[in-house]
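Have a look at the structure below before the remarks.
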Amino acid sequence: MARPSEAITQQIESLRTTIELHNYRYYVLNEPTIPDAEYDRLFRKLQQLEQQYPELVTLDSPTQRVGATPLTEFFQFKHRTPMLSLNNAFEATEVEAFDRRLCEEIATHAIEYSVEPKFDGLAVSLVYEQGLLTVGATRGDGHTGENITHNLRTIQSIPLRLPLENPPVYLEVRGEVMILKADFIQLNQHQEKKGEKLFANSRNAAAGSLRQLDPSITAQRRLTFFAYGIGVLEPPSGTLKRHSDVMTYLVSLHFPIAKEHQIVQGPVGLLTYYQWMMEQRERLLYDIDGVVYKVNNLSDQIRLGFVSRAPRFAIAHKFPAQEAVTQLLGIDVQVGRTGTLTPVARLAPIFVGGVTVTNATLHNEDEIKRKQIMIGDFVIVRRAGDVIPEVVAIVPEQRSVNVTAFTMPDYCPVCGSHAVRLTGETITRCTGGLFCPAQRKQAILHFASRRAMNIEGLGEKLVDQLVDHAIIRTPADLYKLGIAALSQLARMAEKSASNVLYAIEHSKHTTLARFIYALGIRHVGETTAKDLARYIGQMDRLMMMNVEQLQQVHDIGPIVAESIVDFFAEPHNREVIEQLRVTGVHWDESQEVLEYMLNPEVQGKAFVLTGTLPNLTREAAKTLIEQSGGKVTNSISTKTHYVVAGADPGSKYHKAVELGIPVLDETALFDLLETQIIKPVS
DNA sequence: TTACCTCGAGCTCA
DNA sequence: CTCGAGGTAA
């Protein structure tokens, strides 16, 4: 094979630059300057040269958007700056309150806002190192998302490299992936022709496309990207002073942004923009579910900081929830884990807010009475984005004579036990306890759940069958299951049965905290279970404690203590625990020893985490602190003993300084905990 | 709450 | 081919 000459290298480079430029003109500006045929010719020429000189192929070449090999799994990606969500406003009054609060905070009476549509797609983060796209990831929980670089690379409006001579060392661009309305219609037509399933709405189609393991499928979907912010920029820029400067900067980097982006003044500006966008909505090329307001001045943004998971300097003003009318076919009564009877509306399927709604909770008896709902009524159903569907009201004019009233049953619909509603409460409860199959099923499901005993493969359908066939009655019975009992069930042939048995066996070795949580004691969630395990250390001790003793434990008050005592007063519960231990469920009860060894500087102290630590994930830092006897809480107060701050800390950092609380970085934390990093925790 | 993807495995029919 | 479980997203 011929060695590439200098001329060839240059020709390839110039072809790439030209093609990227036309890509930009076509996909971002929507103003192609050359005919498609000419573009194709350039593209083929580049492909041909790259074929001839494979050693010159680079990842940022426009020919390399679709990587050859499908993945086998997704990998996690940790965001350097967390991807936060926004607080929502639905009413003009909320927007005004937002503005008032900010004015007070930054002591001014007129705030300049940068405003833009709120895209209805999927938030992603794009990482550019030395100007090259290296990683693209989903939002995930805000701190850690999924690495979907292979799929994001197929999106033509995302630059593979930045058009700069001297690109920043590190840049994280935040934006949204969507499918344009027209492309969505086309995609569904295409799906229909192929006899494949139709997508319910454009957001689900975009989400589905991004979750493909094989990027060649993603490449066939016309996905679009719009940028709306920057996560990290290194080195920092001195010229970016306002959010609108950031947007201009993004444009200069050839990122598409919403044309409808504007700068407005004060609350009147915000609401005028809202009205305007509402009028524009139909005409837009993409789906939106509201507008976003951000304080334009970046130093004001920093000053305002964050509240828990959302910035205080921005808010999403959502469009009114979509509503539709449908018939209430019936009201089922569901039994929850604690025996609560919840009325659930069974609705004639209705398409509203992008999905088909068939159920909606009616909360409780009073709610139904208040709204005067009768079975057979036509009702207004409302749904907004991620908000749970709701029956707003009935349509009285459409009421027929055949409607029937709903009454809360006096007996549990599942087990027939008495259902009682205590005076002053709105909730009706089944008194059957674990005699009630519905409660038993959910108790077992909870026991097996990931955060409790983590028995993989024991899902709802299997538990249904096991309880219905009276194969098991309590969680303890799980450990007495044999292959014979299992394999008589539907969808439980040899392989599945042995997998489940293996998972059950595997779960026998657990921790005290998990075990306590798994019992499903009322008011004892994961955190309380951990506290109990840490402070009490032994199951037997826990079972003997009275209300007063329990309240000595941090964060346990009279209600929780009472609930724990009640649980263990029940002979049945003691019996189940005994059986679980007999069948081999075990954990380390050496907590006392551990506690003795704990550093008193850490033992029982409250830690607050903020910012991103270099090596530890938030989860890992939390576990580490807890293992050393400390507690991790979310909000900072005078009771906080230490604040652990990483890169880009939020407002908690400033508060810590204000309150004079010691601030630790990761190294100082390790020193305090006297632990060594063995390897970065993934 | 609904919808989507993926995987393993069971079921069905030729 | 279909189902259930598990995970993700809004």
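Letters A, B, ... mirror the listed sequences (proteins, then strands); counts begin at 1. What you are looking at is a predicted structure, and each value in this text was computed from that prediction instead of being measured.
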Does a nitrogen or oxygen in the side chain of A:Gln212 sit under 4.0 Å from OP1 or OP2 of B:dT6? yes

Just checking A:Gly140: base, sugar-phosphate only, or nothing, at a heavy-atom cut-off of under 4.0 Å? sugar-phosphate

Closer than 4.0 Å, any side-chain N/O of A:Ser496 to the OP1 or OP2 of B:dG10? yes

Measure from the side-chain heavy atoms of A:Arg211 and tell me the nearest of C:dA10, B:dG10, C:dT8. C:dT8

Hey, is the side chain of A:Asn204 poking within less than 4.0 Å of OP1 or OP2 on C:dA10, counting only N and O atoms? no

Respond yes when some side-chain nitrogen or oxygen of A:Thr138 is under 4.0 Å from OP1 or OP2 of C:dA9, and no when none is. yes

Ranking B:dA3, B:dT1, C:dA5 by distance to the side chain of A:Glu460, first place goes to C:dA5

Can you check the A:Asp214 CG to B:dC7 P distance for me, whole Å? 11 Å

Pick base, sugar-phosphate or nothing for A:Phe74, based on heavy-atom distances below 4.0 Å to the nucleic acid. nothing

Which nucleotide sits closest to the side chain of A:Leu462: B:dT2, C:dA5, B:dG10? C:dA5

What's the closest nucleotide to the side chain of A:Leu213 if the choices are B:dA3, B:dT6, B:dG10? B:dT6

Are A:Thr428 and A:Glu365 side-chain neighbours, meaning at least one heavy-atom pair lies under 4.5 Å? yes

Under 3.5 Å, is there a donor-acceptor pair linking the side chains of A:His261 and A:Ser114? yes

